Amino acid sequence: MKRHGMYPGSFDPITKGHVDVIERAATMFDTLSVVIGVNSKKTPLFSVEERQAMAQESLLHVPNVQVVVHDGLIVDWARLHGVHVIVRGLRAVTDFEYEFQIALMNKKIESSIDTIFLLPDERYTYLNSSIVRELGRYGQDVSEFVPFPVAQAMANRFRKK
Ligand code: ADP
C-alpha cells in the first residue's frame with residue numbers, strides 16, 4: 001500500500017522552515033501533499049494561487065511532493081484522498097498548545113487520522129510566515145528566510161507599493 005501524508009497550512013508565504021519540514025516528511029511517505037488552506041478568518045498577503053505557485057517552484061527538488069489548494073476542513077481532504085497521517089511542524093513549546101488542540105479535534109472528527117510533529121533544523125525555529133510578511137512590508141530583504149522564488153515575489157510585491 002502506498003503511504004500518502006499531508007502537510008496542511010496557510011503557507012503565506014512558504015518559508016525555509018516549511019521547506020525543511022517538507023524535506024524531512026517527504027522521506028517518510030511515497031507521496032506528500034502540501035495542502036494550502038483557504039482560511040476565511042485570515043486576510044492573506046498572497047492569493048492561494050500565488051502561494052501554490054511559489055511553493056511548487058520552491059519544492060522542485062523534492063520529487064514526491066505535490067502542492068494543492070483546499071477550501072474546507074483538513075480531515076475532509078484527508079478522507080477524500082485516503083490520507084491517515086497529518087504532518088505539522090513544531091518550533092517551540094509555544095506552538096504546542098495550539099497544535100495539540102487541532103490534532104485532538106481532527107482525531108475526534110476522524111479517529112483513523114494521526115498527526116505527527118517534526119522539528120525543523122534549529123536554524124528555523126524562530127521563523128514564521130507572519131514575521132516574514134512584516135519584514136517584507138518594511139522593505140527588509142527576506143532572502144535568508146525564504147526560498148528564492150518567494151524572495152523574488154516579496155520584492156516585487158513591495159516594490160510596486
Ligand atoms: P505559520 O503561519 O505559523 O508560518 P502555517 O499555517 O503556514 O504557519 O503552518 C503550517 C505548519 O508549519 C504548522 O504546523 C506550523 O507550526 C509549521 N511551521 C511554520 N513555520 C515553521 C518553521 N519555521 N519550522 C517548523 N515548522 C513550521
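It should be emphasised that the depicted structure is a prediction, and the values quoted were computed from it without experimental measurement. As the structure lists them, so they are numbered: ligands from 1, and atoms in each ligand from 1.
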Apply salt bridge (charged side-chain N to carboxylate O under 4.0 Å, His left out) to Asp141 and list each qualifying residue two or more places apart in sequence or on a separate chain. none
Less than 4.0 Å between a side-chain N and a carboxylate O, is that true for Asp20 and Lys16? no
Contact residues of ligand 1 with a heavy-atom cut-off of under 4.0 Å? Tyr7, Pro8, Gly9, Ser10, Phe11, Gly17, His18, Val21, Arg88, Gly89, Arg91, Asp95, Glu99, Pro120, Tyr124, Leu127, Asn128, Ser129
Looking only at non-hydrogen atoms, find the nearest pair between Ser129 and Pro13 and report the distance.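 Reported closest heavy-atom pair: OG-O, 2.9 Å.
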Check side chain to side chain contact (heavy atoms under 4.5 Å, CB included) between His81 and all other residues, then give those that pass, not counting sequence neighbours. His4, Trp77, Val83
Heavy-atom count around Glu134 CD within 6.0 Å, excluding the residue itself: above 12?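 Atom CD in Glu134 is crowded, with more than 12 foreign heavy atoms closer than 6.0 Å.
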Among residues two or more places apart or on two chains, list those pairs meeting ring-ring contact (aromatic ring centres under 6.0 Å, His included) that have a residue in residues 7-33. Tyr7-Phe11, Phe11-His18
